[in-house]
Amino acid sequence: MSSIEYNRIGGWLLAPMAYLIVTLLSASLMLILYGMAIVAPESREYLMTNAQAFSLQWYFSVFTTLAMWAFTLWLLWLFCHRARRFPKLFLVWLLITVLLAIKAFAFSPIPDELAVRSLGWPLLMAALLVPYIKRSQRVKGTFTQ
C-alpha cells in the first residue's frame with residue numbers, strides 16, 4: 001500500500017474534536033456562571049464577607065476554569081490548523097482534565113455519585129483517545145504542519 005496523504009481532518013479524528021468542543025462549551029458555561037456570581041450583588045457580598053478560605057478556593061476555581069478554557073480554545077485552533085505539536089499537547093490536556101476530575105472527586109463537597117459521574121468522562125476519554133493519538137497513522141499523517 002502506498003503512502004496515504006491526509007489532506008483534511010476526518011475519520012476518528014472527529015471524536016477528539018467533538019470532545020474539545022464540548023469541553024470548551026462546558027468551560028464557557030462555567031465562566032458565565034462565575035461571571036453572574038460576580039455581577040450579582042448578593043453573591044459578591046457573600047464572597048467578600050465570608051471566610052477567606054472559601055473565597056480563595058472560589059477564585060482558584062475561576063482561574064482554573066479560565067486557564068482550561070484558554071488552553072482548550074488554543075488546542076482547538078491547533079487542531080484545525082493541523083499543527084505538528086497538537087498530539088503531544090492534546091495528551092497533556094487529557095492528563096490535566098483527568099487530574100482536575102480527580103481533584104473534584106477528592107475535595108469537592110458534592111455527593112459521591114455526582115463526583116464519580118464527573119470523573120468517568122475524563123477517564124473514559126483518556127482511555128480511548130490516548131492509544132488512538134499515539135498509534136494512529138491518520139494522526140501521524142494529518143498533523144504535519
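Positions are given from 1 along the sequence. The model shown is predicted, which means the values in this text are computed figures rather than measured ones.
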Looking only at non-hydrogen atoms, find the nearest pair between [X] and [Y] and report the distance.
X: Arg135; Y: Lys140; value: O-NZ, 3.8 Å
X: Pro131; Y: Ala126; value: CD-O, 4.0 Å
X: Pro122; Y: Val98; value: O-CG2, 3.6 Å

Starting at [atom1] of [X], measure out to [atom2] of [Y] and round the result to the nearest 0.5 Å.
X: Tyr19; Y: Thr97; atom1: OH; atom2: OG1; value: 4.5 Å
X: Leu119; Y: Leu100; atom1: CG; atom2: CG; value: 11.5 Å
X: Met68; Y: Leu24; atom1: CE; atom2: CG; value: 10.5 Å
X: Ser118; Y: Ile102; atom1: OG; atom2: CD1; value: 10.5 Å
X: Leu31; Y: Ile38; atom1: CG; atom2: CD1; value: 9.5 Å
X: Ile96; Y: Leu91; atom1: CD1; atom2: CG; value: 11.0 Å

Find out if a path of hydrophobic residues (ILVMFWY) with successive side-chain heavy-atom gaps under 4.5 Å connects [X] to [Y].
X: Trp12; Y: Leu20; result: yes
X: Val22; Y: Phe71; result: no
X: Leu25; Y: Phe90; result: yes
X: Leu78; Y: Leu73; result: yes
X: Leu14; Y: Met125; result: yes

Item to complete: Sort and list the pairs that fulfil salt bridge (Lys or Arg N to Asp or Glu O under 4.0 Å) and have at least one residue in residues 115-127, not counting sequence neighbours.
Response: Glu113-Arg117
Worksheet, complete the sentence: Tested for side-chain contact (heavy atoms from CB on, under 4.5 Å) against Leu94, the lone hit among Leu129, Leu123, Ile133 is Leu129
Item to complete: Please name all residues satisfying ring-ring contact (aromatic ring centres under 6.0 Å, His included) with Trp121, sequence neighbours left out, ordered by chain then number.
Response: none
Worksheet entry | Sequence-distant partners of Ser28, side-chain hydrogen bond (donor to acceptor under 3.5 Å, both in side chains), two or more places apart | Trp69
Could you list the residues that satisfy side chain to side chain contact (heavy atoms under 4.5 Å, CB included) with [X], not counting sequence neighbours?
X: Ala40; value: Glu42, Ser43
X: Ser61; value: Tyr34
X: Lys88; value: none

Practice prompt. Report the C-alpha separation of Trp74 and Trp93 in whole Å, then their side-chain angles, then the decisive distance to 0.1 Å, and conclude whether the side chain to side chain contact (heavy atoms under 4.5 Å, CB included) test is met.
Written response: CA-CA 11 Å; Trp74 183 56; Trp93 181 83; over 6 Å; no
Worksheet item: Just wondering, do Tyr132 and Leu13 contact through their side chains at under 4.5 Å, heavy atoms?
Response: yes
Practice prompt. For the residue pair Trp77 and His81, categorise the inter-ring angle as parallel (less than 30°), tilted (30 to 60°) or perpendicular (more than 60°).
Written response: tilted
Practice prompt. Show your working on side chain to side chain contact (heavy atoms under 4.5 Å, CB included) between Thr142 and Phe86 and close with a plain yes or no.
Written response: CA-CA 10 Å; Thr142 300; Phe86 171 78; over 6 Å; no
